[in-house]
There are 2 protein chains.
Amino acid sequence: MSAAEDLACCTSPPQPPRLESESAAELAARFKALGDPNRLMLLSLIAAGENGEACVCDLTEPLNLGQPTVSHHLKILMDAGFLTRQRRGTWSYYSLVPAALAGLCHQLCSDTDLLTESGAERTPRG
Amino acid sequence: MSAAEDLACCTSPPQPPRLESESAAELAARFKALGDPNRLMLLSLIAAGENGEACVCDLTEPLNLGQPTVSHHLKILMDAGFLTRQRRGTWSYYSLVPAALAGLCHQLCSDTDLLTESGAERTPRG
DNA sequence: ACGGCATATTGATGAATATCGATACACCTA
DNA sequence: TAGGTGTATCGATATTCATCAATATGCCGT
């Protein structure tokens, strides 16, 4: 028996991933929404706004982006569940969905168990 | 005074975002690394692997991706700080960086204060 | 040294995306 | 009703990205 056989990486039965494909797609979609600096700035600006909300006209200047672009990013954040919109007159006020970001972290911790370093302990060789 | 003046969205002094542009770029880069279903599956597969590690040959089949593509995704996850690589013979073993994912969530909670619903309380009208 | 295997890198390609200008829509005021 | 303003949508474009085939690199056993 060669030394390589001892070290071979493909001898153990493959463990099924803890993350289902569908869950992966949903999770990835939300992370993708957070994967843009301007969108993170939007969340930050909105959180820092008066009453925790802001309208589009408050957001274009600090980001140095055109109004259509800001609207586009806001829509992406809304579709991902991070923002809600409330129309008042001609203005659209955006505010954070309180549990959205926390829920994302929680799901990453508990559902997928990716944060626990259980990998080493969890699968004691049967 | 018109009703609109009361409701106008741009009358209050703009609050500076709690997130600096540089931090936003760094944060976004890490989120972007998580914004792909296959990369999330890679993290899950590696976490579920024996001793919390896995080599490339264990990962190509469950994802139905070519070996170069898997290597590419692994590199992205490494560059983002989520994975480390340990070479043993001809094989490369990847494992999770324990604090990386937790740190990302923590930074989202504390550094940017996006998770606290402080927006409403934080800026009491001066 | 040579051949074989696991992995990394390169080049190319099609798809997704960020951005803008132009335009459409909704609401308010005169 | 008409004009003005804030916002959303549409079309176009340049960039980024995911993926693959081909190739290069590095390690092992003969």
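Residue numbering restarts at 1 for every chain, and letters A, B, ... go by the order of the sequence lines.
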Listed in order of residue number, which residues of residues 76-85 of chain B have a non-hydrogen atom at under 4.0 Å from DNA chain C?
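Contacting residues: B:R85.
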Nearest-nucleotide pick for [X], side chain only, options being [options]:
X	options	answer
A:V56	C:dT17, D:dT7, C:dA18	D:dT7
B:T69	C:dA18, D:dT19, D:dC17	D:dT19
B:Y94	C:dA8, C:dC20, D:dT9	C:dA8

Check side chain to side chain contact (heavy atoms under 4.5 Å, CB included) between A:R85 and all other residues, then give those that pass, not counting sequence neighbours.
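If we apply the side chain to side chain contact (heavy atoms under 4.5 Å, CB included) test to A:R85, skipping adjacent residues, the hits are A:M78, A:R87, A:S92, A:Y94.
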With sequence neighbours left out, what residues match A:Q86 under side chain to side chain contact (heavy atoms under 4.5 Å, CB included)?
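In terms of side chain to side chain contact (heavy atoms under 4.5 Å, CB included), with neighbours along the sequence ignored, A:Q86 is linked to A:E53, A:R88.
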Can you check the [X] [atom1] to [N] [atom2] distance for me, whole Å?
X	N	atom1	atom2	answer
A:L59	D:dA8	CG	P	10 Å
B:K32	C:dA16	NZ	C1'	12 Å
A:N64	C:dT19	CG	C1'	13 Å
B:K75	D:dT19	NZ	C1'	17 Å

Quick one: which protein N/O atoms are closer than 3.5 Å to N/O atoms of nucleotides 22-27 of chain D? Pair and distance per line, please.
none

How far does the helix from C:dA1-D:dT30 to C:dA30-D:dT1 bend, going by the axes of its first and last five pairs, to the nearest 10°?
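Computed from the C1' atoms at both ends, the axes differ by 20°.
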With a 4.0 Å cut-off on heavy atoms, is B:H72 in touch with a base, just the backbone sugar-phosphate, or nothing at all?
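The answer is base, as B:H72 lies within the cut-off (heavy atoms under 4.0 Å) of a base atom.
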For C:dA8 and B:S92 - does any side-chain N or O of the residue sit under 4.0 Å from the phosphate oxygens OP1/OP2?
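Yes, such a contact exists.
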Identify every side-chain donor-acceptor pair in residues 28-40 of chain A under 3.5 Å, counting partners at least two apart or on other chains, and give the distances.
unit_1: A:R30; atom_1: NH2; unit_2: A:Q107; atom_2: OE1; d: 2.4
unit_1: A:D36; atom_1: OD1; unit_2: A:N38; atom_2: N; d: 2.8
unit_1: A:D36; atom_1: OD1; unit_2: A:R39; atom_2: N; d: 3.2
unit_1: A:R39; atom_1: NE; unit_2: A:A33; atom_2: O; d: 2.7
unit_1: A:R39; atom_1: NH1; unit_2: A:H73; atom_2: ND1; d: 3.0
unit_1: A:R39; atom_1: NH2; unit_2: A:K32; atom_2: O; d: 3.3

